[in-house]
Every structure is written in structure tokens, then in C-alpha cells.
Participant: 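Could you have a look at this structure, given as C-alpha cells, before my questions?
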Amino acid sequence: MPLIQFLWDVQEGTFECLKVMLMKAAMAGKNSGDNRTRTSVSIFIIAGLCCFFYLLGAWQRSGFGKGDSIAEAVTKTAGENCDILPNLNFETRHAGEAGGTDESEEVEELKPCDPQYTDYTPCQDQKRAMTFPRENMNYRERHCPPQEEKLHCLIPAPKGYVTPFPWPKSRDYVPYANAPYKSLTVEKAIQNWVQYEGNVFRFPGGGTQFPQGADKYIDQLASVVPIENGTVRTALDTGCGVASWGAYLWKRNVIAMSFAPRDSHEAQVQFALERGVPAVIGVLGTIKMPYPSKAFDMAHCSRCLIPWGAADGILMMEVDRVLRPGGYWVLSGPPINWKVNFKAWQRPKEDLEEEQRKIEEAAKLLCWEKISEKGETAIWQKRKDSASCRSAQENSAARVCKPSDPDSVWYNKMEMCITPNTGNGGDESLKPFPERLYAVPPRIANGLVSGVSVAKYQEDSKKWKKHVSAYKKINKLLDTGRYRNIMDMNAGLGGFAAALHSPKFWVMNVMPTIAEKNTLGVIFERGLIGIYHDWCEAFSTYPRTYDLIHASGLFSLYKDKCEFEDILLEMDRILRPEGAVILRDNVDVLIKVKKIIGGMRWNFKLMDHEDGPLVPEKILVAVKQYWTLGDTNSTSSQ
């Protein structure tokens, strides 16, 4: 920044000159009475110039002056040839790096984990799961290792691992080497879930309830549910299998959050993510789902084997909590139309009849209105004014949940009560998608998010458009479809995902459970999806399931909460080989992060903020190197 230094030197020289002039003027005043008037004027002029240059210096150093613009222009010119190359190999030098570490300090090299951990899911580990009770699926819920049992190594990719096919080819084909599990090809052969063909898996789009294909099944749903006009944008698929329902909803501009447990159906969620479909490992058991209230426009269960009528409908109450007023619940498979199908299902008709009776009773209690039943598929709609519905019911057994935060869900037990519709957004003012992406969300419009006004929301959207524009200059591949599965680890109001929005990819917006403001409900009201998570623990996904990870302010947030190394190792676990990382944080924090990354198999670069080097917030961009089981020659470089 030679020009900035020049300006500052001019100012310092001017101050010295003025000081000398002031001293001479004072001496002249003592020696000549005739010059007193002239001296007073000189002193006044000199004092004025001193004030002017003092303010000029403060202006330049504040980051708002012309000096900052000049610095930004210089940085921009110097950095034009330092963008990420098309092959994502970073240069070894750091353009515009601010600060530094003691180069004499040794960097700890993190070693590869044992091959048995290739598909390790720390909080859904099979061996650990079997030590917990099986009642109510407790053993399939999250059970994370204590700190002393956490791995401190890099999860290896399997031999032969390749980058997944680009969307939409990835919807139909997955490289066998990436998830080498053939059990589903045998177990679900007649249901068209997945087929093994040479060195790839092919997904015909079938499912247990739609062996002829998800497209035709969705067409049937669309005759009842307004899927095509943007009214239904966010969907929840419980017990998703390989997520073909969500995969085929995508072209209809509906984004589905799919989940299934890690169980005997090995790798079903892994297959979903390899296909480029949003999914997490999860189960409806005893703990509330990690989503805010009134988040989804539609919930779906297709032969998901969830006992909806059990325990007085507590699982349906949990679905009701996350379902928006006016939203739809689709149940396909047993016990619907049991009179015709009980023989094919090989179940006693008395059991099926009782199961459907309990479901119908729970739906009535929740003020869900059945609007369709055709074949083995029934559709209910949640009434918008459920309070008046319940007040009209005589001898109602409904118990409304006590006043509390319905979005406080992390590790909280499900409750045998109905979440009221009022008081937490999700009302009829929600606009159809894509208009709702930048419309003011109801939670903010109604003043339900403390400290976030309409003006602040709009300012945040503008800020993230600017940030994403800078990212696209740094990484030319952001808009090409190279990255399909994207994660924002500290999503805020969803500004990053909204500014980046494209049919070529999707963003998993993660709301840290320790965040100052819980704004995940706002994110869903924008027509985006997300999940609650504490980054001191492992995320509910398989290794190598995200193409790009973004985190703004995450390490500052967790600075005194858990080890940076644990967070970075988790990022490495869920990032694909040759996947990209964008970190935005204060320079002192990123310097610490950079030192740890130096021992990982990442190429990286620390860069200035897009507004120039005077801004203390910096950007660290990285690419995970390609390496697989048995590789020993891949090392980290700066």
C-alpha cells in the first residue's frame, strides 16, 4: 500500500512544518507589537490546518475514506491474477495476507485414520448404538462419543473414490466405489430402489410405494396438493429410503429435507447425498426433530414403518409442530386402505384397522382435515385456524403445550401436547416461492425475532449479495454446478444461501444451538432448508457428503466452547476430496485456524476482505486434496 503510506507521510511532515510555523509565530509576537494582529491570524490559520489534517488522518484510518478505496483498488488489481484456478489448485503463496504466525513453531501433522473408519458416523456409530435401549428407537438417535473417545485423525476415502456425477445425472447414477454397498440392490430389487450396473449404481426412481417411479406418484399427489405454484416449497420426508421422492420433487421447485436412520438398510442416506439430494441421518424416536416449528409446507411418509398411532399420537404431534398451518401430511402405505391390502401386507386386518383408527383419531385431535384417500395414499391438511376447531370439539382430549419456545428442540424430549399455531410466524402472509426468498419473512415482519427489524433484514440481504459476488470472483466454479451439496455452518438469516440460490445446487443452512439469535424459522420462511446443530459434536451425516462448506464467524462463536481442531476435523470428515471451503472471520481467529489447517491435507490461502486490507475480517479459502486409503505421499501445502 505505497500510496496510503505516502499520504500518511505527507500528513506527518505537514504536522512538523506547522509546529515550526507556530513556534516562529509565537516568537514574532513577542518581538513586535505591530505584528500582534497578523500573528493572531496566523495562529488561527495554523490551528485550523492542524484540525483539518487531524480529521483527514482519522477519516483515512477509519476505513471510510478515500484511502480505503485506493487500498481496495490496489488490492483488487494485485489480486486479479490470484483467483482460484479452474482445477481448484491453490498457489502456494498468500496474496494480501494479513498477520502471521511464528514460522518457527512446528505444525502438527494429522495422520489418516484406520481404514475401518472410512464411513464413520461418530454420533450414529453402530457399536455404540447397540448399548442403548431399543424402546421407542432410542438406540437409533444421536449418541456422540465423549471428548476422550473422539478421533484425532483424517477420515480416508475408499480406494477408487471419484467425484460424483454432476446434477441431474447424479440423481440417477452413483459411482460404486463411493458407496460400495450392494445389500439394497438385493433387498429392494422388485421395488426399483437401486440397481447395480458395472461400476455404478443406477436409481430408476422407484420406491416401496411407487415401484413405477416417483414422477407418476408425485403427479398423483399434485392433483390434490398445490405442488406446482410455489405454495408448497419445503417438504419433510420421514424414513426416506434413498430419497427418490425428494430427488424428483426438485424439478418442481420443491426442496425436501429427507431423513432415515443408519440401520440394516446400509447407506440409504449416503446414497441420497451421493445423488445430490438433501438428507440427514435421523429417526423419529423420543427426541424432538432438529427443525423449528411451522417450518415445512408438506410432510411425507411412504411405507416409512413409523408407528404413527402409537403412544396416543405423540409422533404425529411432533410432525404437527414442524408443519405450517395450511400444510399437508401425506401417508402412503399401511394401514391406508387396509380392507383391500391386508392379505398382501401379510398382517391381521384387526391390527391394521386399529392402527388406522388411532391415526384418524390423532389427526382429528390435531385439527387435520382429510382431503383425499385414493388407493394406499391418504392426504390431510392442517387447518390454519386450529384453535377455533378445537374449541368447537366437545369433550376434546387435546392438551395445548404450555407457553414456551417451540423452536427449542436440541436434545429435548417430545411432548404429549399440541403446539399452538399463534405466536411464531408461519401465517397466511407467507408468499409463494420464489417470491418468498427475498420477501420479509412473517417472523421478522411481526417482530418475533429480537433485535432483527425489517431494515436489518434487508441490510443483511444486501450484505450477503455483496459477499457472494466477491466469492464468485475468487472461485470461478461457484456457478457452474461443480458444487451440488453446499453447507453454511453458521447460517444467520440465510443470506448466503439466498444470494447463492440456483437450481444447480442446494444449501444446508445450519443454525448453531449456541447462536445468539435463533433464526432458523426465518430461513424456512424464505423457502430454504436447514437444521439445528452444535458444532462441538459431529454432524448427522456420512463422510464425504458435501462439495463446499461455508462458515462466517463460526470460529469466533465457538472460541471458548470447544477445540478448533475438533471442528476442522469434522469439516474434513464431511467434505469430499477436492471439495472447497470458504471461511470468513476475524484475522486473529483465522490465523489460529490456519495453523491447524497447515497439518491437514488442504491447500489454502488467506485473503483480505473484499473492502480492502484495513478491514479486520478476512477470508480463508481452501481445497481438500484428493487422497484415498493407502495414500502416503499427499501432504498439506500452503
Side-chain angles (χ1 to χ4, degrees), residues 84-94 97 101 103 105-122 150-164 175 177-179 270 273-274 474-475 477 482-483 485-487 489 535 538-539 541-551 554-555 563-583 585 589-607 619-638:
I84 294 176
L85 301 176
N87 62 5
L88 287 182
N89 288 329
F90 289 114
E91 302 169 34
T92 56
R93 54 192 172 84
H94 291 211
E97 180 178 341
T101 56
E103 297 298 331
E105 292 184 46
E106 291 187 8
V107 174
E108 179 187 356
E109 182 181 351
L110 292 162
K111 303 295 185 182
C113 299
D114 189 90
Q116 66 175 309
Y117 293 109
T118 297
D119 288 324
Y120 183 53
T121 53
K150 288 183 178 180
L151 298 180
H152 291 277
C153 52
L154 304 173
I155 301 292
K159 272 288 186 184
Y161 180 89
V162 296
T163 301
N178 291 12
Q270 189 175 19
L273 287 156
E274 285 293 320
I474 294 171
N475 187 337
L477 301 181
R482 163 67 179 84
Y483 308 113
N485 303 355
I486 299 176
M487 174 182 284
M489 296 176 70
W535 285 112
F539 193 72
T541 192
Y542 283 81
R544 304 171 300 281
T545 46
Y546 285 86
D547 302 294
L548 186 147
I549 297 176
H550 173 262
L554 181 82
F555 289 93
E563 298 295 328
F564 284 4
E565 181 180 299
D566 289 339
I567 298 175
L568 287 165
L569 283 172
E570 178 60 6
M571 291 172 67
D572 184 82
R573 184 184 75 88
I574 67 179
L575 186 66
R576 299 191 198 280
E578 299 182 311
V581 174
I582 303 175
L583 304 180
D585 220 313
V589 172
L590 287 183
I591 291 297
K592 295 177 182 178
V593 168
K594 185 171 75 75
K595 182 183 176 184
I596 300 171
I597 291 177
M600 299 167 65
R601 302 184 179 196
W602 290 13
N603 297 326
F604 59 92
K605 182 191 295 183
L606 189 61
M607 307 177 70
I619 302 168
L620 191 151
V621 286
V623 169
K624 179 179 176 178
Q625 296 177 10
Y626 177 89
W627 64 280
T628 63
L629 276 174
D631 289 352
T632 57
N633 57 351
S634 180
T635 57
S636 144
S637 64
Q638 297 185 18

Participant: Find out whether Thr545 and Phe539 are in side-chain contact, i.e. whether some heavy atom of one side chain is under 4.5 Å from a heavy atom of the other.
Facilitator: no
Participant: On a heavy-atom basis, which atom in Leu575 and which in Lys624 lie closest, and how many Å separate them?
Facilitator: O-NZ, 2.8 Å
Participant: Could you pull out the closest heavy-atom pair between Ala580 and Asn475, with the gap in Å?
Facilitator: CB-ND2, 4.3 Å
Participant: Between Leu110 and His152, what is the shortest heavy-atom contact and its length?
Facilitator: CD2-O, 4.0 Å
Participant: What residues, two or more places apart in sequence or in another chain, satisfy salt bridge (Lys or Arg N to Asp or Glu O under 4.0 Å) together with Arg544?
Facilitator: Asp119
Participant: Rounded to the nearest 0.5 Å, how far apart are CD1 of Ile549 and CE of Met489?
Facilitator: 6.5 Å
Participant: Could you tell me the separation between the CE atom of Met607 and the CD1 atom of Ile619, rounded to the nearest 0.5 Å?
Facilitator: 7.0 Å
Participant: For a 4.5 angstrom cut-off between non-hydrogen side-chain atoms, does Trp627 reach Pro112?
Facilitator: yes
Participant: Got a second to check how far Leu151's CG is from Asp566's CG, nearest 0.5 Å?
Facilitator: 10.0 Å
Participant: Phe604 and Trp602: which non-hydrogen atoms are nearest, and at how many Å?
Facilitator: CD2-O, 3.7 Å
Participant: With a 4.5 Å heavy-atom cut-off, do Met487 and Thr541 have their side chains touching?
Facilitator: no
Participant: Would you name the heavy atoms of Leu629 and Pro158 that are closest together and state the gap between them?
Facilitator: CD1-CA, 4.2 Å
Participant: Are any non-hydrogen side-chain atoms of Asn485 and Leu273 less than 4.5 angstrom apart?
Facilitator: yes
Participant: Rounded to the nearest 0.5 Å, what separation is found between the CG atom of Leu154 and the CZ atom of Arg601?
Facilitator: 6.5 Å
Participant: State, yes or no, whether a side-chain contact exists between Arg482 and Leu548 at a heavy-atom distance under 4.5 Å.
Facilitator: no
Participant: State, yes or no, whether a side-chain contact exists between Leu568 and Phe555 at a heavy-atom distance under 4.5 Å.
Facilitator: yes
Participant: Take Asp585 and Val593, measure what side chain to side chain contact (heavy atoms under 4.5 Å, CB included) needs, and give me the verdict at the end.
Facilitator: CA-CA 10 Å; Asp585 220 313; Val593 168; over 6 Å; no
Participant: Please identify each residue that fulfils side-chain hydrogen bond (donor to acceptor under 3.5 Å, both in side chains) with Thr121, with sequence neighbours left out.
Facilitator: Arg262
Participant: Any idea which heavy atoms bring Glu565 and Ile596 closest together, and the distance?
Facilitator: N-CD1, 3.8 Å
Participant: Could you list the residues that satisfy side-chain contact (heavy atoms from CB on, under 4.5 Å) with Ala538, not counting sequence neighbours?
Facilitator: Pro122, Cys123, Glu570, Arg573
Participant: Going from CH2 on Trp535 to CG on Leu554, what distance comes out if it is rounded to the nearest 0.5 angstrom?
Facilitator: 7.5 Å
Participant: Going by heavy atoms in the side chains, are Asn178 and Val162 under 4.5 Å from each other?
Facilitator: yes
Participant: Going through the distances and angles, do His550 and Ile486 end up as a side chain to side chain contact (heavy atoms under 4.5 Å, CB included)?
Facilitator: CA-CA 8 Å; His550 173 262; Ile486 299 176; 5.5 Å; no
Participant: When rounded to the nearest 0.5 angstrom, what distance separates CG in Leu606 from CG in Leu590?
Facilitator: 6.0 Å
Participant: With a 4.5 Å limit on heavy-atom distance, are the side chains of Pro577 and Tyr161 in contact?
Facilitator: yes
Participant: Can you tell whether the side chains of Glu274 and Arg576 come within less than 4.0 Å, N to carboxylate O?
Facilitator: yes
Participant: When Phe564 is tested against each of Ile597, Leu569, Val589 for side chain to side chain contact (heavy atoms under 4.5 Å, CB included), which residue passes?
Facilitator: Val589
